[in-house]
Novice: 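Dropping the structure in here first, questions after.
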Amino acid sequence: MSLTLWHHCTLATLQADAAQPYGLVPDGALVVQGSTLKWVGPLAELPAALRAECSAQHDAGGALITPGLIDCHTHLVYAGDRAAEFEQRLQGVGYEEIARQGGGIASTVRATRAASAEELRSSAARRLRDLLSEGVTTVEIKSGYGLALEHERKCLQVARSLATDHAVSVRATFLGAHALPPEFAGQSDAYLDEVLRMLPRLHAEGLVDAVDAFCERIAFSPAQTARLFEAARALGLPVKLHAEQLSDSGGAQLAAGYGALSCDHLEWLSDEGASAMAQAGSVAVLLPGAFYFLRETKLPPMDLLRHHGVPMAVSTDSNPGTSPCTSLLLMLNMACTLFRLTPEEALAGVTRHAAQALGLKDRGVLAPGLRADFVLWDVQHPAQLAYALGANPLIQTIFEGQVR
Ligand code: DI6
Ligand code: FE
């Protein structure tokens, strides 16, 4: 298979054991074979024989090259919007209060059930294109606005189908346990039984890569979450959890006990929770968009996460209620300004650690043998990606070895 050389660039490999911050390689080079990286390093060290084998060459014009960005937590498929609720909240009505009054997630569920697959697909594609324009090459998409078999199926099918006509890799997560649908009001255990009936069917249809739940006082209890995770385990599916977003319910410890890929949000995470996550190798997915949009004041405990060595990812949480955001670059900035991540931690959070949060070992860093998903940026230094607000210095995205 023919080889392609990319040169005249600075690499930020994001390799975990790199000697330089960001895995920086000045005057670097990449050799791509098909959809895979064959060689990564300083141009001066590229073996002459390998260089001679390259039948095509791309001059990157001095660009910075990072791995393709990974948005590891989104709710991209839904209908309608919640601008009216935004106005209500600005007048002082709380997010949980709106949810208890039947608004919030339930209003998006009504709109999503009423929408056709084609309508859902076109609104999700619009949001997806925003993400792709900033160098996203892998996106996780959760269900959770259908809350009934046919509608959860419809949303997961839409999520899967987005990868067929966009150059992006999609991971689909079943979030049937997101909220209680109106027909099960007051019967959350009965709804959970229903979720447990949906899961094996959707899994058998090839629509589920992982299982998630919203473990919160306005959603599902730790005991209910445990029942769901038992079912996921029986099917061999990995789990992740919306945990300790609005209160500390011990969800992180519970999820860690099931070897969760990630626990997400975590504003109220305890020391025990962080320690359990570290032992289980669960990634902490930080969602500064939701923190900002809900005007939260309780910060996720970054020092605790660092102390225990929990890897931190950063994501948009793109959803209509708490983070109507389709800019992962903006999240890089907010992770630094709001959560005090370093720009290097933030960039690792949308590359290496985001891949880990999805259980994907073949991407997230620039290294031989991994996928040739990478981005050329018109910046001198990777910190500039987190520093700017509202800029998009993207030059070009390469997905599976091909210019996108
Ligand atoms: N936590 C969130 O922030 C989103 N879902 C969740 O479990 C909010 C979803 C929404 O309000 O529509
Ligand atoms: Fe979420």
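We use all heavy atoms of the structure for the numbers below, so side chains are in, but hydrogens, waters and symmetry mates are not. Every number for a ligand or one of its atoms is a count from 1 in the order of the listing.
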Novice: Which protein non-hydrogen atom lies closest to atom 1 (N) of ligand 1, naming both residue and atom, and how far is it?
Specialist: Gln245 OE1, 3.0 Å
Novice: Report the part of Glu216 (side chain from C-beta onward, or backbone N, CA, C, O) that has a heavy atom under 4.0 Å from ligand 1; answer both or neither where that applies.
Specialist: neither
Novice: Hey, does Thr108 sit under 4.0 Å from ligand 1 if you only count heavy atoms?
Specialist: no
Novice: In the protein, what heavy atom is nearest to atom 5 (N) of ligand 1, and what distance, to one decimal place, separates them?
Specialist: His178 NE2, 2.8 Å
Novice: How does Leu287 reach ligand 1, if at all, at less than 4.0 Å between non-hydrogen atoms: by side chain, backbone, both, or neither?
Specialist: neither
Novice: What residue and atom, counting heavy atoms only, is the protein's closest point to atom 12 (O) of ligand 1, and at what distance?
Specialist: Tyr145 OH, 2.6 Å
Novice: Hey, which atoms in ligand 1 end up nearer than 4.0 Å to a heavy atom of Ile105?
Specialist: 9 (C), 10 (C), 11 (O), 12 (O)
Novice: Could you grab the angle centred on the Fe ion (ligand 2), going from NE2 in His73 to OD1 in Asp317, to 10°?
Specialist: 80°
Novice: When you look for heavy atoms under 4.0 Å from ligand 1, do you find them on the side chain of Tyr95, its backbone, both, or neither?
Specialist: side chain
Novice: Under 4.0 Å between a Lys/Arg side-chain N and an Asp/Glu carboxylate O for Glu150 and Lys154?
Specialist: no
Novice: With only distance considered, is Arg82 within less than 3.5 Å of ligand 1 through an N or O on each side?
Specialist: yes
Novice: Quick one: which of Ile70, Thr66, Leu332 gives a side-chain contact (heavy atoms from CB on, under 4.5 Å) with Val350?
Specialist: Leu332
Novice: Is the ring centre of Tyr387 less than 6.0 Å from the ring centre of His381?
Specialist: no
Novice: On a heavy-atom basis, which atom in Tyr78 and which in Ser123 lie closest, and how many Å separate them?
Specialist: O-OG, 3.3 Å
Novice: Does any part of the side chain of His151, heavy atoms only, come nearer than 4.5 Å to the side chain of Val109, both counted from C-beta?
Specialist: no
Novice: Between His178 and Gly144, is there a donor-acceptor pair closer than 3.5 Å when you use the side chain of the first and the backbone of the second?
Specialist: yes
Novice: Could you check which N/O/S atom of His242 is closest to the Fe ion (ligand 2)?
Specialist: NE2
Novice: Under a 4.0 angstrom heavy-atom cut-off, which atoms of ligand 1 come close to His265?
Specialist: 1 (N), 2 (C), 3 (O)
Novice: Cation over ring, Arg227 on Phe220, under 6.0 Å and within 45°?
Specialist: no
Novice: Between Arg121 and Asp165, does at least one N-O distance fall below 4.0 Å, as a salt bridge requires?
Specialist: yes
Novice: Search all heavy atoms of Val283 against all heavy atoms of Met312 and return the closest pair with its distance.
Specialist: CG1-C, 4.3 Å
Novice: With heavy-atom distances below 4.0 Å as the criterion, list the atoms of ligand 1 near Thr322.
Specialist: 2 (C), 3 (O), 4 (C), 8 (C), 11 (O)
